Number of protein chains: 4
Amino acid sequence: MTLAPLNDEQLHQIRDERKDQIIAAALNVFARRGIIGTKMSMIAAEAGISHGLLYHYFKSKEELFNTLVQGAMIESQAAMRSLYDLPGSAIDKIRALTEEILDDRGAPYFMLIHQARTSDGVPEKARQLVEQYSMKTFVDHLLPLFTEGQQAGEIAPGNLEHLIASYLSVLSGLMVLNTQEDSAYRKPEIDVLLRMVTGR
Amino acid sequence: MTLAPLNDEQLHQIRDERKDQIIAAALNVFARRGIIGTKMSMIAAEAGISHGLLYHYFKSKEELFNTLVQGAMIESQAAMRSLYDLPGSAIDKIRALTEEILDDRGAPYFMLIHQARTSDGVPEKARQLVEQYSMKTFVDHLLPLFTEGQQAGEIAPGNLEHLIASYLSVLSGLMVLNTQEDSAYRKPEIDVLLRMVTGR
Amino acid sequence: MTLAPLNDEQLHQIRDERKDQIIAAALNVFARRGIIGTKMSMIAAEAGISHGLLYHYFKSKEELFNTLVQGAMIESQAAMRSLYDLPGSAIDKIRALTEEILDDRGAPYFMLIHQARTSDGVPEKARQLVEQYSMKTFVDHLLPLFTEGQQAGEIAPGNLEHLIASYLSVLSGLMVLNTQEDSAYRKPEIDVLLRMVTGR
Amino acid sequence: MTLAPLNDEQLHQIRDERKDQIIAAALNVFARRGIIGTKMSMIAAEAGISHGLLYHYFKSKEELFNTLVQGAMIESQAAMRSLYDLPGSAIDKIRALTEEILDDRGAPYFMLIHQARTSDGVPEKARQLVEQYSMKTFVDHLLPLFTEGQQAGEIAPGNLEHLIASYLSVLSGLMVLNTQEDSAYRKPEIDVLLRMVTGR
DNA sequence: AATGAATGAGAATTCATTCAT
DNA sequence: CATGAATGAATTCTCATTCAT
């Protein structure tokens, strides 16, 4: 009786599953402990595999980190684009955006990008990736929406680019704080945050 | 030929100066690079001494970190107490507090405390220190001030403990983001931040 | 649906072909990169099979290396024996031997034996194999031929055992140098080399 | 009582001694086992120090290897230059050169250069270094000497560049073989080797 | 027979800490 | 008090080998 080797599709599926499993594990660990504080053995343990296998799927810690950052950037772009399809007034959309950003499920991505921006030992490629999608990109993206809201009287008067950058910074700061589950910090109510924008 | 040995007081003074020098250096480096990312040799270099000498003054990296955290906690307590001596209405004092917190000179202390709260590799003792002075301590401390402001109509209605914790979290988040000098983030105008509190 | 299983003879033939294929690949790679520098995956790639399959045919890297060395020893014995069937005078035969040794096709075998003699990480068994067929074996084998040549006045006077060992060492050295294709070294003309033997 | 730290000169001396000690140890081990076969721990053991200290003096295995190759190249240049100061005829000088090259003390250097030329895992810089001093350099250097000898009838007629390259290759091959102390190979008598050159 | 996923021992390198001077 | 040489534990990564399919 001959046992055929796994066919291409099966192998491909195993590979994909393992890769996803590793990526999920790595995202958690990197987000929590930073790139230096993360040991490959921690990721392997979290993923439930041997550290040797990690290197079967990712050439190095750097490559793994880069892959994660790339994924995070794509996610955040998608979130930004989805704004347009929402119903309601400008301020409704901004509220939805705020909720989306503060959603805990996105927190690891946030931390990852934050670390790629600010930590030591970040691979050059990851650094370039996050620079591409700088704060300015987001501000430009949101400017039409905020302008519309300001004209409708929903948003406080004043320089909108500054306001948007400030608001996003506040949200980012909160996400960075909230990564730790037993955080001493408190995530504000959406309405309280929106006062910064509306002035009311 | 050896000069007459220094007397006790002189030695003591040298010791204290050296210690301060090391503490200042360590604060900078730890704040910027975190406890894991900071190598003893970096601190020695920043302080302009040999790494061997570091160990004459601090038994270990841990002890040095603990000392810094202790100092940071004392500083932040002092800042909090100084609030009472300020002139003006409640909102004036809150504005002053905000300015104080966001002042760049305090940023390293903020980062340090943040790291002591959230990073790996933090000595147990440091972790206990920051827990002692939890968010709750600060909230309790500020509650009378905010209550006064709310009664005067300067502060939005609603649960004040939540509001204070939220506001402090926002400020903390901003400080954490702003440690990196070339930060992509933007520090908001004080007035914009205060809208969260005043509701106007 | 599975085809009828191959009969024993067919299986045997496949086995032998595969083995030869692997041996040829391994010889090339080991000769070029040495036993430590050769990775099993390189041999698999050169043979066009998976690295897993390698272990169906050879229990380990060691066993594979031993097999190669054994083959090389047999080859070199055969070359030595074929000397006797050659036509011509003693010096003609020595010239033919020289050509045979310096032939590039034999170079991988030479390197292999050289490595078995001199490298680290060589299995004990391979080491014993090459010791069996030591320089002395070859010298003894060639002594009658050289003696005949010396008596005929074709070969310089002096101790023949030393001369033979020296000459073989020179040839060996040249083969070892010339393994690398883009070698900076130059393979001498046969006639120039023969001067060492003839003294003319 | 104050113990002054070591002064600069003492430190410098310790450093130099240690470096020499490491270089001598590394030369031996690299020559015998090649760059891949050499473990840093072996060098440390041979030098009688911890592996950590190795990295105090040389940033990496690569750097250490490069340093050795550089030294070997310098040595070989010096040997070549010293030829001119020798007394006697051309053939006397060639004999002296041969003795110099075959001297066992130079063997490790020879192996090192050979390995830098032919092994895997050789740092790019080392490879460039040895390419600079190619066979051609040596041939050009020796050409005047051999021409003089040929005109004096001490050297066989024929293309001298080929002869020189061939002769050097033979010597190199012998050195490469003879690195292993218990070598099965035999180093020929100088006079026998010189027959290749003189034709007599 | 054939494949490649999976494991783990081993090697290079870093860095906190100790210690002779 | 001050220096930097010295050590070794911990970490990243490689590769021979095993094994399910």
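To find a chain, count down the sequence lines: A is the first, B the second, and so on, and within it residues start at 1. Treat the numbers as computed from the prediction; the structure is a model and nothing was measured.
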To the nearest Å, give me how far apart [atom1] ([X]) and [atom2] ([N]) are.
X: K19(A); N: dA5(E); atom1: NZ; atom2: C1'; answer: 14 Å
X: D20(D); N: dA5(F); atom1: CG; atom2: C1'; answer: 16 Å
X: L54(B); N: dA2(F); atom1: CG; atom2: C1'; answer: 12 Å
X: H12(A); N: dT21(F); atom1: NE2; atom2: C1'; answer: 18 Å
X: F65(A); N: dT12(F); atom1: CZ; atom2: P; answer: 14 Å
X: I49(B); N: dC1(F); atom1: CD1; atom2: C1'; answer: 11 Å
X: E63(A); N: dT12(F); atom1: CD; atom2: P; answer: 16 Å

statement: In short, ring-ring contact (aromatic ring centres under 6.0 Å, His included) pairs touching residues 25-70 of chain A with sequence neighbours left out are F30(A)-F65(A)

statement: DNA chain F nearest-nucleotide lookup for G48(B) and R18(D): closer to the 5′ end is G48(B)

message: Checking the side chain of K61(A) only, and the main-chain atoms of I35(A) only, is there a donor and an acceptor separated by less than 3.5 Å?
response: yes

query: Backbone N or O of L64(A) within a donor-acceptor pair of the K59(A) side chain at under 3.5 Å?
result: no

query: Quick one: is dA5(F) close enough that its OP1 or OP2 comes under 4.0 Å of any side-chain N or O from R15(D)?
result: yes

query: How does each nucleotide of nucleotides 14-19 of chain E score, in 5' to 3' order, for protein heavy atoms under 4.0 Å: base (B), sugar-phosphate only (S), or none (-)?
result: BSSBB-

Output the distance between atom [atom1] ([X]) and atom [atom2] ([Y]), rounded to the nearest 0.5 Å.
X: M73(A); Y: L68(A); atom1: CE; atom2: CG; value: 13.0 Å
X: T67(A); Y: L27(A); atom1: OG1; atom2: CG; value: 12.0 Å
X: R117(D); Y: L112(D); atom1: CZ; atom2: CG; value: 11.5 Å

- line: Dot-bracket assigned to DNA chain E with the 3.5 Å Watson-Crick/G-U criterion, [ ] for crossing and | for other-strand pairs, is .||||||||||||||||||||

field: Partner residues of K125(C) under the salt bridge (charged side-chain N to carboxylate O under 4.0 Å, His left out) criterion, sequence neighbours left out
entry: none

query: Base, sugar-phosphate, or nothing for Y57(C), non-hydrogen atoms under 4.0 angstrom?
result: sugar-phosphate

- prompt: Residues in side chain to side chain donor-acceptor pair (under 3.5 Å) with E62(B), at least two apart?
  reply: none

Do any side-chain atoms of residues 18-26 of chain A form donor-acceptor pairs under 3.5 angstrom with protein atoms, and if so which ones, sequence neighbours left out?
unit_1 : atom_1 : unit_2 : atom_2 : d
R18(A) : NH1    : Q21(A) : OE1    : 2.6
Q21(A) : NE2    : A47(A) : O      : 2.8

